[in-house]
Amino acid sequence: MNTIVEKILPVSSVKPAFERPALEKILSPLEDFAGRSEHLFPTSVRNGASPPPMPRYFYLGERGGGDVFRLGIFAAIHGDEPEGALALNRFVTLLERDPEIARGFALFLYPVCNPTGFEDGTRHARGGKDLNREFWKQSSQPEVRFLESEIYLHAFDGLVMLHSDNTSEGVYGYVNGSVLSESLLEPALRAAEKFLPRDRRPVIDGFPARDGIISRSFEGVLRSLPGLERPPFELTLETPQGAPLHLQVEAAAAALQTILQEYRPLRSFAQNI
Ligand SMILES: [Zn+2]
């Protein structure tokens, strides 16, 4: 900070050298698109104890003639990982250009799952917790309770979680839930690899990994209701946080697009066996 300016002005009016994007600013492309799109609807909700609203958007693709598949896409549950929110902006831009990508899908988009942490630039929420360790354990965190109710109500066919990892030099991901998950993550990682290398270490984040795919997870992560007889697919995609931002954004958006493209044929195949 410029110390001369600091002496003249009260600290609160001095802008820091690097500014994190404000919550409204990071959401403005989605808001703009929602204002002119027939497909995208802003449905953000004020959420009990947390002052900033929980951003939520609903994208209804063109009818596909068959089942409508419901996907939940969740970003920035760690407040210091804005990359996922930016990737969702980019993804929606791709949908705007080519609505065919989302034909037959209803997409529930949660670009900033941790609004207070996002505002503060911290992994944890203002309540002091890592929200991504609080799921399905009767957490008192309002963000977790809200997201759990969304997951419960919408009965998603699939959940995709976007993260960025400052200890990794490549893209990788976690699979849970349906057996389809791994068949979706592999092509998604291949799509992401057009922009960034894949993390092929045998151990990532303390878990055994194979070609960038981890089949375990930390307890309490954002995921579907445990114990379902037919669980949805669950993918967590991690981009290397030290890589150039635009490449992380492109990699994650390409992975999302690929997941939509691959899901329908995989699902029909799975139903026919
Ligand atoms: Zn994270």
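Remember, it's 1-based here, ligands and their atoms both numbered in the order they're listed.
- If you look at Tyr57 and Phe33, their ring centroids are not closer than 6.0 Å.
- The hydrophobic clustering, which links ILVMFWY residues whose side-chain heavy atoms are closer than 4.5 Å, places Phe207 and Met161 apart.
- Side-chain contact, Glu81 with Gln241: no donor N or O sits under 3.5 Å from an acceptor N or O.
- The cationic group of Arg223 does not satisfy the cation-pi geometry with Phe135, failing either the under 6.0 Å distance to the six-membered ring centre or the 45° limit from the ring axis.
- For the Zn ion (ligand 1), the neighbouring protein N/O/S atoms at less than 2.8 Å, given as residue and atom, are His78 ND1, Glu81 OE1, Glu81 OE2, His163 ND1.
- Taking the centre of each ring, Tyr59 and Phe105 stay at or above the 6.0 Å mark.
- Hydrophobic cluster membership differs between Tyr174 and Ile77, with clusters built from Ile, Leu, Val, Met, Phe, Trp and Tyr side chains linked at under 4.5 angstrom.
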